[in-house]
Amino acid sequence: MPTNHYLTALKAGKKDLQAKAAAGLSTELPALDSILEGVEIRGEVPLGLIDIPTELIAGTKTRGRTTSFAPNFMPILDEFSEFAVKWKSLCDAHLREGIRDPIIAYEYLNKYYVLEGNKRVSVLKYFDAASIPGYVTRIVPAWKDTKEIRIYYEFLDFYNSTSINYLTFSEEGGYRKLCLRTGHRKNERWSPDDRMDFNSCYVQFSDAFSELGGDKLSCTPADALLVYLDIFSYDQLKQETPSQIEKNLEKIWEEIELHQPNEESAEKVSLKLDPAPDQKKTILSQILTVAKPAADRLKIAFIYTKTAETSSWTYSHELGRMYLNDAFRGQIETSVYDNNTTAADAEKAIEKAISDGNQVIFTTTPVFLAASIKAAVNHRDVKILNCSLNASHKYIRTYYARIFEAKLLTGMLAGIMTDTDKIGYITDYPITGVAASIDAFAIGVKMVNPKAKVYLEWSTLKENQGVDLTERLYQMGATYISHQDLIVPQHATRRYGLYRVNGETPVNLAFPVWDWGKFYERIIRNIQHGTWNTEDKYEAGKAVNYFWGMSSGVIDVVWSSAIPSETRNLLETLKSSITRYEFNPFNGVLHSQNGVVQADPDHWMSTKEIISIDWLTDNVVGFIPTASDLREDAQLVVKQEGIRREEET
């Protein structure tokens, strides 16, 4: 029996050698001594006796052992060699009573290299053992600003908190994300029960991942698990059977494939910066646009977190819905599902909208992103769009608007009009895209008034609850303040857009406009004309994000008649340049509070770079808060879509 096993292992070893040679890869088992040549080492850390994940045992410690094994650790020496005799003896011992003697190994960059026990490893790998006990010494490389070292140092922090050594991620941030998805904060120590629960979930998940062909993908099981937990919660995973996990994983397989590590140039997201060209109406299409019977109308649902009467954000989308009704009078039917304050509420509302027969669903806040993805996975025939920015998910589309273009113009106006060189800026959530708007406003100020400063306040900070931020800024000397873009119908106020304060009633000078109606109209026309399906086909393997701006009419600025005509002409001229893509506020040399962030005077930031801005310009006085700084109701938003949400763990 051991002889038959050796011959099978020998065949696997020779096959691996041939495959490596054909691919132009090394045919030798990696030796740590060779790998460490020229590498600066920070130190060695004894880890004691631990379970070593078999799949992470990558090679041997010394070069002398490399000639006995193929790169997959299977034997390559003749079946009658002394090596083969010892291998078969270990095989026999394993079959009779199991191999229990620990090996001795070194860990480097989360891979293990065997000093003593190479044949034991070969036998146990042959029998697909999940782990091998071993005395391990960790070799810690000196810090170096490379992706590999950055990921490894993230692993070290994770290991110190969890003692988990079997997870590997292909991209930075994976360990922090996992902590967040499993309900742990960064550096929070995991209890034995935490580790046991997670290990049980991970084993079942990785088995399902492998069963579905995950070994052929470039992502690791841990990479795939993060995608899974974005859609199905960790609490749900803990309750699922292996068959349920495999079934759900199969549903989201395209999403897993989308999140495979690619070359730097390979984009996972297709950003649509402008609407598709209008389709010319034929006589037939004109006939088809007459009013339809109720049963034939396209049913469209809008899911809101609050009501139009209590939320300016919801109100702006409700105006868009009413615009949509007018644009397609008699052809569509829209409905509202509001006051969904929790993720569970959102899931129920989306399911209710689907059961009511809605074919298109707009979920109007980033908080609903996870619920939207989950519903889209289970209802592939329903078109679901979530109002968020920079989400890379295949089963839904996301949409947002380039509000930073309008903020640049209102910032310029504030810089021109200020009489104190102190300008206030009040915003709410530190989510993706907000820093770009703050910076665009501040850049606008700096373009016309280099001496002026922008004083930043966050309305959702715990310490600001109940504080009149306009009054605080006014007492500080700021007489021009940028605040929310729209009013709340039930709480009429002049404190919106850019306004001047002088201790009396504020005077509005300008305010950005989110014209969601134009966006919704173009999306529905895309669906009617088949453009939606064309984009699906053309953008295969990518997530589709709509990010329209002034060029589409979704973003605009309304000016007060109190603005001098010369100033308004200047602003309109720049607005025209932005609309034609001739001007970008983030071009040339840029300075943050911490120094130069863009040194090339000829560089224009790409849209993706702008979306990812997580710094403040050097003329901003203030900071970007973390989730722990915010009120509880704001923390959910930031943890879902925060500028630095993965650092909150």
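Throughout, numbering of the chain's residues begins at 1 and tracks the sequence. Computed from heavy atoms alone, side chains included, the values below leave out hydrogens, waters and symmetry copies.
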Quick one: does Thr460's side chain have a donor or acceptor within less than 3.5 Å of a partner on Asp428's backbone?
yes
Between Tyr499 and the options Thr505, Thr470, Thr479, the side-chain contact (heavy atoms from CB on, under 4.5 Å) test singles out Thr470
Would you call Lys348 and Glu351 a salt bridge, using N to O less than 4.0 angstrom?
no
Legend entry - Pair Tyr315, Glu309: side-chain N/O donor-acceptor within cut-off below 3.5 Å: no
Hey, what's the ring geometry for Tyr234 with Phe198, parallel, tilted or perpendicular (30° and 60° as the breaks)?
tilted
- Take the angle between the ring planes of Phe232 and Tyr228 and call it parallel below 30°, perpendicular above 60°, tilted in between. tilted
If you take the centroid of each ring, where Trp contributes its six-membered ring, are Tyr520 and Phe302 closer together than 6.0 Å?
yes
Start with the C-alpha distance between Tyr202 and Tyr166, add both sets of side-chain angles, then the distance that settles ring pair (Phe, Tyr, Trp, His ring centres under 6.0 Å), and finish with yes or no. CA-CA 10 Å; Tyr202 182 76; Tyr166 49 81; 5.3 Å; yes
Separation between CD1 (Ile403) and OG1 (Thr410), nearest 0.5 Å, reads 8.0 Å
_Quick test of your reading of the model: are Asp421 and Lys453 salt-bridged, counting only N-O distances below 4.0 Å?_
no
Do side-chain atoms of Asn386 reach the backbone of Thr365 as a donor and acceptor pair under 3.5 angstrom? yes
| message | Treating Asp439 as the side-chain partner and Thr617 as the backbone partner, does any N or O pair qualify as donor plus acceptor under 3.5 Å? | response | yes
- Query: Asn340 side chain to Tyr337 main-chain N or O, any donor-acceptor pair under 3.5 Å?
  - Reply: yes
Under the 3.5 angstrom rule, does the side chain of Arg189 hit a backbone N or O of Asn160 as a donor-acceptor pair?
yes
In Asp157, Leu180, Leu167, Thr162, the residue satisfying side-chain contact (heavy atoms from CB on, under 4.5 Å) with Tyr175 is Leu167
| said: Is the ring pair Tyr399/His317 parallel, tilted or perpendicular, if the boundaries are 30 and 60 degrees? | reply: perpendicular
Of Thr314, Ile303, Thr310, Thr307, the one forming a side-chain contact (heavy atoms from CB on, under 4.5 Å) with Asp338 is Thr307
Are the side chain of Asn449 and the backbone of Gly415 linked by a donor-acceptor contact shorter than 3.5 Å?
yes
(message) Between Glu172 and Ile151 (side chain of the first, backbone of the second, donor and acceptor by atom type, cut-off under 3.5 Å), is there such a pair?
(response) no
| query | Taking the six-membered ring where the residue is Trp, are the ring centres of Trp514 and Tyr400 under 6.0 Å apart? | reply | yes
Where does the angle between the aromatic ring planes of Phe547 and Phe404 fall among parallel (under 30°), tilted (30 to 60°) and perpendicular (over 60°)?
tilted
* Ignoring hydrogens and geometry, is there a side-chain-to-backbone donor-acceptor pair from Trp190 to Ser161 under 3.5 Å? -> no
Can any side-chain N or O of Glu457 pair as donor or acceptor with the backbone N or O of Tyr425 at less than 3.5 Å? no
Task: Glu154 side chain to Gly173 backbone, donor-acceptor under 3.5 Å - done: yes
- Would you please indicate yes or no on a ring centroid separation below 6.0 angstrom for Phe586 and Trp604? no
